[in-house]
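Below is one structure, written out as structure tokens; comments come after it.
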Amino acid sequence: MKREDYISWDEYFMGVAKLAGMRSKDPGTQVGACIVGQDNKILSMGYNGFPIGCSDDEFPWEREGDTLKTKYPYVTHSELNAILNYRGGSLAGAKLYVTLFPCNECAKAIIQSGIREVIYDCDKYAETPSVRASKRMFRAAGVAYRPYSRSGRTVKMEL
Ligand SMILES: O=c1ccn([C@H]2C[C@H](O)[C@@H](COP(=O)(O)O)O2)c(=O)[nH]1
Ligand SMILES: [Zn+2]
């Protein structure tokens, strides 16, 4: 008889997104993304970090102060990294699991890549103009979005 306590597709893909986020060096918010094809196969993953060649030890991780001395102009967002990491052709019809609701810049890339559904965990910046703009663009472009429904399951892994 098969075992019954296996994880659901949503738990699997959000779990992979969370694991990807654990690679982030950002001391503030670690974001992970996992792109999934229509056949439930993982196509790509990403997390927030500086571009290739921009050292994690030399570029700033500050949130505040002189803009050029903060992380914001330099960090590549997890969703964009996941989209750019995909080398297989089209992402049309794919789903995106992401641990934080996408900002407006990521929303544009998501729409233009052909991703049709976004499943997100945290929405802590919901009231910002950026996220409000994302939701407006998703609605206009017909990209569905829904919150991930946490199951409460905890996973312990020895790594
Ligand atoms: O769509 C998004 C929005 C933000 N991120 C990244 C960018 C930063 O590294 C963090 C946010 O840091 P805060 O300290 O919470 O401002 O999240 C992303 O990957 N995708
Ligand atoms: Zn973004």
Side-chain angles (χ1 to χ4, degrees), residues 9-37 42-150 155 159:
W9 285 120
D10 267 10
E11 287 175 313
Y12 176 41
F13 298 132
M14 189 57 82
V16 167
K18 284 191 179 181
L19 197 61
M22 292 170 75
R23 281 283 307 152
S24 176
K25 319 300 181 306
D26 191 329
T29 305
Q30 303 82 44
V31 189
C34 174
I35 301 177
V36 180
I42 293 174
L43 300 177
S44 188
M45 285 174 278
Y47 59 87
N48 52 326
F50 295 137
I52 294 165
C54 302
S55 168
D56 295 327
D57 300 311
E58 290 170 22
F59 279 69
W61 286 113
E62 274 65 41
R63 300 183 80 236
E64 284 161 10
D66 176 356
T67 304
L68 287 178
K69 292 181 179 160
T70 72
K71 63 186 170 183
Y72 296 108
Y74 310 108
V75 74
T76 308
H77 291 188
S78 70
E79 304 91 315
L80 187 61
N81 267 329
I83 290 168
L84 295 174
N85 284 343
Y86 183 59
R87 297 293 157 90
S90 173
L91 289 173
K95 291 183 286 194
L96 171 79
Y97 287 77
V98 63
T99 60
L100 178 69
F101 200 97
C103 75
N104 63 308
E105 293 300 328
C106 289
K108 295 176 203 173
I110 290 164
I111 292 166
Q112 294 303 82
S113 72
I115 289 170
R116 299 304 292 166
E117 187 179 4
V118 174
I119 302 98
Y120 61 95
D121 187 21
C122 172
D123 196 11
K124 65 178 176 175
Y125 295 126
E127 300 312 320
T128 63
S130 171
V131 169
R132 290 175 67 181
S134 296
K135 290 175 181 169
R136 181 178 178 182
M137 288 189 281
F138 284 155
R139 283 194 297 270
V143 174
Y145 57 88
R146 63 175 167 90
Y148 171 68
S149 179
R150 288 192 185 189
V155 180
L159 298 172

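Everything quoted here is computed from the prediction, not taken from an experiment. Counting starts at 1 for both ligands and their atoms, in listed order.
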Requested in this report: Go through the steps for Thr99 and Met14 under the test side-chain contact (heavy atoms from CB on, under 4.5 Å), then give the verdict.
Outcome: CA-CA 7 Å; Thr99 60; Met14 189 57 82; 4.2 Å; yes
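- Of all atoms in ligand 1, listed by their number and element, those nearer than 4.0 Å to a heavy atom of Val75 are 7 (C), 9 (O).
- Side-chain polar atoms of Ser130 and Asn104 form a donor-acceptor pair below 3.5 angstrom.
- Atom 19 (O) of ligand 1 has its closest protein heavy atom at Ser78 N, 3.0 Å.
- Within the 4.5 Å cutoff, the side chain of Tyr145 has heavy atoms near those of the Phe101 side chain.
- Protein heavy atom closest to atom 6 (C) of ligand 1, with residue, atom name and distance, is Asn48 ND2, 3.6 Å.
- Each of the atoms 1 (O) of ligand 1 lies under 4.0 Å from some heavy atom of Pro102.
- The part of Arg63 lying near ligand 1 is the side chain, judged by heavy-atom distances below 4.0 Å.
- Ligand 1 has an N or O atom lying under 3.5 Å from an N or O atom of Lys71, backbone or side chain.
- Shown are Ile35, Val98, Ile115, Val118; of these, the side chain to side chain contact (heavy atoms under 4.5 Å, CB included) with Glu79 is made only by Val98.
- For atom 16 (O) of ligand 1, the nearest protein heavy atom (residue, atom name, distance) is Tyr72 OH, 2.5 Å.
- Checked for salt-bridge contact, Lys25 and Asp57 miss the test: no charged N lies under 4.0 Å from a carboxylate O.
- Closest to atom 2 (C) of ligand 1 among all protein heavy atoms lies His77 ND1, 3.2 Å.
- Between Cys103 and ligand 1, a contact under 3.5 Å exists for at least one N or O pair.
- Taking the six-membered ring where tryptophan is involved, the planes of Trp9 and Tyr12 are tilted, since the angle between them lies from 30° to 60°.
- Looking at Glu79 against ligand 1, only its side chain comes within 4.0 Å, counting heavy atoms.
- Ring geometry for Phe50 versus Tyr74: interplanar angle over 60°, hence perpendicular rather than tilted (30 to 60°).
- Ion pairing between a basic and an acidic side chain is recognised when a charged N comes within 4.0 Å of a carboxylate O; Glu11 and Arg150 show no such pairing.
- Among protein heavy atoms, atom 8 (C) of ligand 1 sits closest to Asp26 OD2, 3.4 Å.
- One finds a salt bridge joining Lys135 and Asp123 here, because a Lys/Arg side-chain nitrogen approaches an Asp/Glu carboxylate oxygen to under 4.0 Å.
- Judged purely by distance below 3.5 Å, without hydrogens or angles, the side chains of Asp10 and Tyr97 pair a donor atom with an acceptor atom.
- For the Zn ion (ligand 2), the tally of protein N/O/S atoms lying closer than 2.8 Å stands at 3.
- Within the 4.5 Å cutoff, no side-chain heavy atoms of Leu96 are placed close to those of Ile119.
- Taking a cut-off of under 4.0 Å to the non-hydrogen atoms of Tyr125, the atoms of ligand 1 that pass are 13 (P), 15 (O), 16 (O).
- With a heavy-atom cut-off of 4.0 Å, Cys106 touches ligand 1 through its side chain alone.
- The backbone N or O of Met45 sits less than 3.5 Å from a side-chain atom of Asn85, completing a donor-acceptor pair.
- Side-chain polar atoms of Lys108 and Ser134 form no donor-acceptor pair below 3.5 angstrom.
- Heavy-atom contacts from other residues, nucleotides or ligands closer than 6.0 Å to OH of Tyr86 number more than 12.
- The single protein non-hydrogen atom nearest to atom 11 (C) of ligand 1 is Thr29 CB, 3.8 Å, given as residue, atom name and distance.
- Between Tyr47 and ligand 1 there is no heavy-atom distance shorter than 4.0 Å.
- Atom 17 (O) of ligand 1 has as its closest protein heavy atom Val31 CG2, 3.4 Å.
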